[in-house]
Amino acid sequence: MRKGLTFLPALAVAAMLALSAPAKAAPDANSVVATVNGTEITIGHMIIAHESLPAQYKQLPIDVLFKAILDQLIQQTALSQEVGGEVPLHVQLTVDNEMRTLLAQEVIQKVMANAATEDKIRAAYDEAYSTGDGGDEFNASHILVETEVEAQDIKKELDGGADFATMAKARSTGPSGPGGGALGWFGLGQMVPEFETAVLAMKNGEVSDPIQTQFGWHVILLTERRKAEAPEFETVREQLANNLRQAAIEAHVDALTAEADITRPDLKDFDPAIIKDLSQIGN
């Protein structure tokens with residue numbers, strides 16, 4: 001009994017000491033893991049370094065990675081201190097550009113998150129497909145050549161009764177040429193803007209005048225136009241979300257640049273090739 005009586009007070013004292021001792025703070029991004037000549041390396045630095053590792057390195061055991069990353073940061077810090085107080089110009093410019101990029105990405109991420117909420121995506125779907133169809137689809141063929149003169153010559157022959165598929169097999173330089181120029185069915189947004197604009201203005205069976213795109217000169221035959229069935233929401237959900245994000249980013253950037261005080265000096269004496277001259281920044 002006496003031993004029991006002496007044990008209980010001792011246990012109580014230990015408990016009181018434990019309660020009165022300040023709790024040790026859990027490590028966070030600001031926790032210092034090493035100092036090199038007074039320069040601190042924190043958990044935050046290690047988190048960023050880990051995040052930038054290639055995927056295969058992230059598969060290593062975490063204790064191995066922790067030591068390797070910390071050792072690397074210590075070595076890099078020691079090496080960087082050897083430069084002294086003046087940062088080389090090319091390094092400072094790289095840091096400036098990287099900082100600009102990272103901060104711009106922060107804003108873009110916020111804009112995109114607000115642009116593509118579930119309600120906004122659903123509203124975009126309802127607006128796009130409120131009629132119950134998925135818009136116009138087109139079945140067309142084309143003959144692609146390099147010059148306008150060739151295209152004009154082909155158009156004249158077609159107007160004179162030449163067979164389109166035969167002409168495409170003989171003259172078209174595009175990958176659809178061997179198949180008579182047939183492109184199959186396609187919807188809005190699937191062709192380059194100039195091609196799409198021409199097709200939208202055409203009637204079934206009509207052959208276009210020569211149309212220039214980034215690929216060359218086209219003579220187009222519109223075979224048929226039809227209404228597509230409206231797609232299921234989940235099928236186009238991500239596409240609609242991306243459209244909303246892109247539109248929001250463009251609008252935000254346009255608004256910012258319109259409001260910003262931007263000056264552009266006269267650059268007529270600048271040779272654009274100067275941006276390739278590394279000697280300008282000490283390299």
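Values below: all heavy atoms of this structure, side chains included; hydrogens, waters and symmetry mates excluded. Each residue takes its place number in the sequence, starting with 1.
Side-chain atoms of Ser176 and His142 form a donor-acceptor pair, as typed in the model, at a separation below 3.5 Å. Inspection of the Thr147 and Glu150 side chains reveals an N or O donor paired with an N or O acceptor under 3.5 Å. Looking at Asn243 and Gln246, their side chains never bring a donor and an acceptor atom within 3.5 Å of each other. Under the 3.5 Å distance criterion, with hydrogens and angles disregarded, a donor-acceptor pair is assigned to the side chains of Thr39 and Gln81. Counting only N and O atoms by type, the side chains of Thr117 and Asp119 include no donor and acceptor under 3.5 Å apart.
Following chains of ILVMFWY side-chain contacts shorter than 4.5 Å, one cannot reach Leu221 starting from Leu200, and the two form parts of different hydrophobic clusters. Linking ILVMFWY side-chain heavy atoms closer than 4.5 Å, directly or via other members, places Met191 and Ile211 in a single hydrophobic cluster. No continuous path of ILVMFWY side-chain contacts below 4.5 Å connects Val207 to Met202, so the two sit in separate hydrophobic clusters. Transitive grouping of hydrophobic side chains (ILVMFWY, heavy atoms separated by less than 4.5 Å) brings Ile47 and Phe66 into a common cluster. There is a path of hydrophobic side-chain contacts, each under 4.5 Å, that joins Leu73 to Leu53.
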Quick one, Phe215 with Thr173, criterion side-chain contact (heavy atoms from CB on, under 4.5 Å). Give me CA distance, side-chain angles, the key distance, then yes/no. CA-CA 10 Å; Phe215 303 106; Thr173 61; over 6 Å; no
Between Val36 and Ile41, does the side-chain contact (heavy atoms from CB on, under 4.5 Å) criterion hold? Intermediate values first, please. CA-CA 8 Å; Val36 181; Ile41 300 171; 4.1 Å; yes
Show, in sequence, the C-alpha distance, side-chain angles and deciding distance for Val145 and Asp153, and conclude whether the side-chain contact (heavy atoms from CB on, under 4.5 Å) test is met. CA-CA 11 Å; Val145 292; Asp153 181 58; over 6 Å; no
Check the pair Asn242 / Gln239 against side-chain hydrogen bond (donor to acceptor under 3.5 Å, both in side chains), numbers first and verdict last. CA-CA 5 Å; Asn242 286 336; Gln239 177 186 339; over 6 Å; no
Would you check, one step at a time, whether the test side-chain contact (heavy atoms from CB on, under 4.5 Å) holds for Asn204 with Leu222? CA-CA 5 Å; Asn204 290 350; Leu222 177 60; 4.0 Å; yes
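The shortest distance between side-chain heavy atoms of His252 and Val107 falls below 4.5 Å. Within the 4.5 Å cutoff, side-chain heavy atoms of Leu158 are placed close to those of Ile143. Annotation: side chain of Ile262 is in contact with side chain of Thr257 (closest heavy-atom distance under 4.5 Å).
Residue Val111 comes nearest to Ile249 through the heavy atom pair CG1-N, 4.0 Å, listed as atom of the first residue, atom of the second, then distance. The heavy-atom pair separating Ile281 from Leu89 by the smallest distance is CA-CD2, 4.0 Å. Minimum heavy-atom separation, Ile69 to Ala49: CG2-CB, 3.8 Å. Across all non-hydrogen atoms, the minimal contact from Val219 to Ser208 is CG1-O, 3.7 Å. Contact between Ala182 and Ser141 at its shortest, heavy atoms only, is CA-OG, 3.3 Å. Contact between Ala168 and Gly181 at its shortest, heavy atoms only, is CB-N, 3.7 Å.
For the atom pair CD of Gln92 and CG of Asn97, the computed distance is 10.5 Å after rounding to the nearest 0.5 Å. Between atom CH2 of residue Trp217 and atom CG of residue Asp209 there is a gap of 10.5 Å, rounded to the nearest 0.5 Å. Interatomic distance, CD of Glu106 versus CG of Leu102, reported as 8.0 Å (0.5 Å rounding). The CG atom of Asn139 lies 8.0 Å from the CZ atom of Phe186; values are rounded to the nearest 0.5 Å. Atom CZ of residue Phe138 and atom CG of residue Leu183 lie 12.5 Å apart, to the nearest 0.5 angstrom. Rounding to the nearest 0.5 Å gives a distance of 10.0 Å between CZ of Arg225 and CH2 of Trp185.
Between Arg122 and Asp126, no side-chain nitrogen of the basic residue sits less than 4.0 Å from a carboxylate oxygen of the acidic one, so the salt-bridge criterion is not met. Under the 4.0 Å criterion applied to side-chain N and carboxylate O atoms, Arg171 and Glu157 are assigned as salt-bridge partners. Salt bridge Glu148/Lys155: absent, no basic N to carboxylate O contact under 4.0 Å.
The main-chain N or O of Ile74 is never found under 3.5 Å from a side-chain atom of Asp71 such that the two would form a donor-acceptor pair. No donor-acceptor pair closer than 3.5 Å links the side chain of Thr197 to the backbone N or O of Glu194. Counting only distance, with no hydrogens or angles, the side chain of Asp277 and the backbone of Ala273 share no donor-acceptor pair below 3.5 Å. When atom types are taken as modelled, the side chain of Thr35 and the backbone of Gly38 share no donor-acceptor pair closer than 3.5 angstrom. When atom types are taken as modelled, the side chain of Asp271 and the backbone of Ile274 share no donor-acceptor pair closer than 3.5 angstrom. No side-chain donor-acceptor contact under 3.5 Å links Ser31 to the backbone of Ile43.
The environment of Glu118 atom CD is dense: over 12 non-hydrogen atoms of other residues, nucleotides or ligands sit within 6.0 angstrom. Heavy atoms from other residues, nucleotides or ligands lying under 6.0 Å from NZ of Lys58 number more than 12.
Not counting sequence neighbours, the partners of Pro54 by the side-chain contact (heavy atoms from CB on, under 4.5 Å) test are Gln56, Tyr57. Taking Asp136 as the reference, Lys227 meet the side-chain hydrogen bond (donor to acceptor under 3.5 Å, both in side chains) condition, with sequence neighbours excluded.
Tyr129 and Tyr125 have tilted rings, their planes meeting at an angle from 30° to 60° on a 0 to 90° scale.
Sorted by first and then second residue, the pairs that involve residues 244-265 and meet salt bridge (charged side-chain N to carboxylate O under 4.0 Å, His left out), not counting sequence neighbours, are Glu238-Arg245.
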